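Throughout, a chain's letter reflects where its sequence line sits, starting with A, and its residues are numbered from 1. Remember, predicted model here, so these are calculated numbers, not experimental data.
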Amino acid sequence: MSSDVISRYKKAKQIIESGKDAFVSKYDCKNTVGEVIELYSHLKPGESKQESISICGRIIAIRKHGKLTFADIRDQTGDIQLYLDKKRIGDIYDFFDLLDIGDWISIEGYPIRTARGEFSIMVDKVALLTKSLRPLPEKWHGLKDKEVRYRYRYLDLISNPKVKETFTKRSKIINLIRQFLISEGFMEFETPMLQSIPGGATAKPFKTHHDTLDMDLFLRIAPELYLKRLIIGGYEKVFELNRNFRNEGISYRHNPEFTMLEVYQAFVDYREMMNLTQKIILYIMDNLVEDKKISYLENEIDINPPWREMTVLNSIEKFAGVKLSFEMTRNKVSKIADEIGVNFDEKLGVGGIINRIFEKKVENKIIQPTFITDYPKEVSPLAREHSKNPNLTERFELFIGGIEIANAFSELTDPLDQRIRFEQQLCTEEIETEMDEDFIRALEYGMPPTGGLGIGVDRLVMIMTDSASIRDVILFPHMRSKKE
RNA sequence: GAGCCGUUAGCUCAGCUAGGUAGAGCGUCAGACUUUUAAUCUGAGGGUCGCAGGUUCGAUCCCUGCACGGCUCACCA
């Protein structure tokens, strides 16, 4: 045990032995720091106001000057300086000597602006609410060790104001998405996280087992197939904003559990989903930032509409410099892929290879908000075939800052076509799965024309908080367990 | 899964190229101090140098393995 911790335990013991509680159950604070600053910060240097206020907060700095002590405390609304004068408060002053940075306290006093101009509380009473037994990271350099920051995120939140800002923003973004969709007449539903056939995307699922039913279950990789059942059931505007789980690689934009928004609306197509995507993001921007320009990593991003729109093929031509078409032979396309150094699975057809080229050569180059359209049917098993080209689907993805943010399509409502697509998928898929007969059955009862949209919420938060890694927008990213 | 890098005091970091059992700043502890805000001044304490082996008279330093982490790649519609 370090000397810092020993010294804090000693102080706690001393406090308890003096008959005080070191971990009290409650305290009714009259004021918050933010409130007090708002009400009284107009005071001029040397002025005070004889009005009693009480605040609860954590001590974040102490500056002792003999018979005078300055300390800073923080609550959720801000920081404020305490001014303690031994001559005024005697025993209470001595008690404060036993307190450390990190302790939670309540104080009573009155507002004053010091001669030096710092707005403060002249303290009359101090009570300890919770004794902190471990020293917080040093304030000047903060906490930098990424392992410690991720493992003990609460320390990160205390030490690094920017981190706290990021997660505050995240909370607001989630709230704004719900607010917007509900105001547009959508209803939020919760569909199964435990699924017997993991569907709605192609990804390796986490597997688990239900003992009573004695059946294997999978954590969902997407809610899609259940939300569509709600459309079949007669709800016309639905969404779900919650976690998905994919048992795959971890990267700056992949986390095994991540937050996804899925929206479905009856009687509209992917074009309307495009409008909706733009409206959701602009609504968030309007409520979070002053103008519609954000900087992400090294780039300035202009969110002002209209956003660029480009087909998969055009974007490949622009960013990879090769001209492709879906009418080319597989041989020709695979040769071009080889030439530009894109490797691919041998099972892929023309559409699959083109999609692979897009992913490898184009995606991360699309910085400004851009809708990419005309995705190959081969890689879109749940999307409706394009009305003008049987090789394509009515689908788009939105890219911002080189990251895929959204994916949407006119949903495939034809159960016969859906069965064929699933069968094709089962042939090429390496992941062991089976035909989702129950979903086909649901389609057979009739799904109205429907537009569907998925937004990767973590990624959207990354863009809006200038975060380079998804781990910087997920509070408690997964880590291997470490024996202390 | 692969490659590269990292792990030294509570925190942020030096030290290792020359192998001889470790340093700084902040924090902590003791003392001084009635206007500080990275307070200041004086003094003190604080380390299994990630873990385990190997080489060596001697290893924080060189070698091997392991653990954990970071970054990049691979995987991933």
In whole angstroms, how far is the [atom2] atom of [N] from the [atom1] atom of [X]?
X	N	atom1	atom2	value
A:Arg8	B:rG46	CZ	C1'	15 Å
A:His65	B:rU34	NE2	P	10 Å
A:Tyr152	B:rC68	OH	C1'	11 Å
A:Arg149	B:rC11	CZ	C1'	14 Å
A:Asn364	B:rC73	CG	C1'	13 Å
A:Asp345	B:rC75	CG	P	10 Å
A:Ile6	B:rG27	CD1	C1'	15 Å
A:Tyr252	B:rC73	OH	C1'	12 Å

Does [N] pair with anything, Watson-Crick or G-U wobble, both distances under 3.5 Å, and if so, with which nucleotide?
N	value
B:rU7	B:rA67
B:rU35	none
B:rU55	none
B:rG1	B:rC73
B:rU28	B:rA44

Looking across every strand, which nucleic acid part, if any, lies under 4.0 Å from [X] by heavy atom: base, sugar-phosphate, or nothing?
X	value
A:Tyr375	nothing
A:Lys377	nothing
A:Lys86	nothing
A:Ile250	base
A:Arg63	base
A:Gly142	sugar-phosphate
A:Ser7	sugar-phosphate
A:Ala61	nothing

Span that lies between the [atom1] atom of [M] and that of [N], in whole angstrom:
N	M	atom1	result
B:rG43	B:rC63	C1'	44 Å
B:rC13	B:rA22	C1'	14 Å
B:rU56	B:rU72	P	42 Å
B:rG65	B:rA9	P	25 Å
B:rC57	B:rG19	C1'	12 Å
B:rA59	B:rU48	C1'	14 Å
B:rG25	B:rG69	C1'	25 Å
B:rG45	B:rA24	P	11 Å

Are [X] and [N] close enough that a side-chain N or O sits under 4.0 Å from OP1 or OP2?
X	N	result
A:Arg246	B:rC76	no
A:Lys11	B:rU28	no
A:Lys146	B:rC68	no
A:Lys360	B:rA77	no

Nucleotide of [options] approaching [X] most closely (side-chain heavy atoms):
X	options	result
A:Thr202	B:rA77, B:rU35, B:rG10	B:rA77
A:Asp145	B:rA77, B:rU12, B:rU28	B:rU12
A:Arg151	B:rG70, B:rU28, B:rC68	B:rC68
A:Arg356	B:rG25, B:rC76, B:rU28	B:rC76
A:Arg471	B:rG69, B:rU34, B:rU28	B:rG69
A:Glu118	B:rC11, B:rA77, B:rU37	B:rU37
A:Tyr150	B:rC11, B:rU35, B:rG70	B:rG70
A:Leu68	B:rA39, B:rU28, B:rU35	B:rU35
A:Asp85	B:rA77, B:rA38, B:rU34	B:rU34
A:Asn343	B:rC71, B:rU12, B:rC75	B:rC75

Considering only NZ, NE, NH1 and NH2 on the basic side and carboxylate oxygens on the acidic side, decide whether [X] and [Y] come within less than 4.0 Å.
X	Y	result
A:Arg421	A:Glu385	no
A:Arg395	A:Glu397	yes
A:Asp414	A:Arg384	no
A:Asp345	A:Arg356	no
A:Arg153	A:Asp156	yes

Is it the case that B:rU12 (base atoms only) and A:Glu138 (side chain only) share a donor and an acceptor within less than 3.5 Å, ignoring hydrogens and angles?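 Flag unset: no donor-acceptor pair detected.
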
Assess whether one donor atom and one acceptor atom, taken from the side chain of A:His141 and the base of B:rC26, lie less than 3.5 Å apart.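 Flag unset: no donor-acceptor pair detected.
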
Counting the benzene-type ring for Trp, do A:Phe358 and A:Phe399 have ring centres under 6.0 Å apart?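 Distance test on ring centres: under 6.0 Å, yes.
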
Heavy atoms of other groups near A:Lys365 NZ, more than 12 under 6.0 Å: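 Enclosed.
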
Return the minimal non-hydrogen interatomic distance between A:Ile470 and A:Arg253, and the atom names on each side.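 Heavy atoms only, the tightest pair is CD1-O, 3.8 Å.
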
Can you list the steps and then say if A:Phe206 with A:Phe218 is a ring-ring contact (aromatic ring centres under 6.0 Å, His included)? CA-CA 6 Å; A:Phe206 287 93; A:Phe218 302 89; over 10 Å; no

Nearest nucleotide by nearest heavy atom, which residue falls closer to the 5' end of RNA chain B, A:Asp100 or A:Gln81?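 Per heavy-atom nearest nucleotide, the more 5' residue is A:Asp100.
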
Using heavy atoms to find the nearest nucleotide of RNA chain B for A:Pro137 and A:Leu382 separately, return the residue whose nucleotide is more 5′.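 Nearest nucleotide further toward 5': that of A:Pro137.
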
Over-ring placement of A:Arg419 relative to A:Phe422, 6.0 Å and 45° cut-offs: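 A:Arg419 over A:Phe422 ring: no.
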
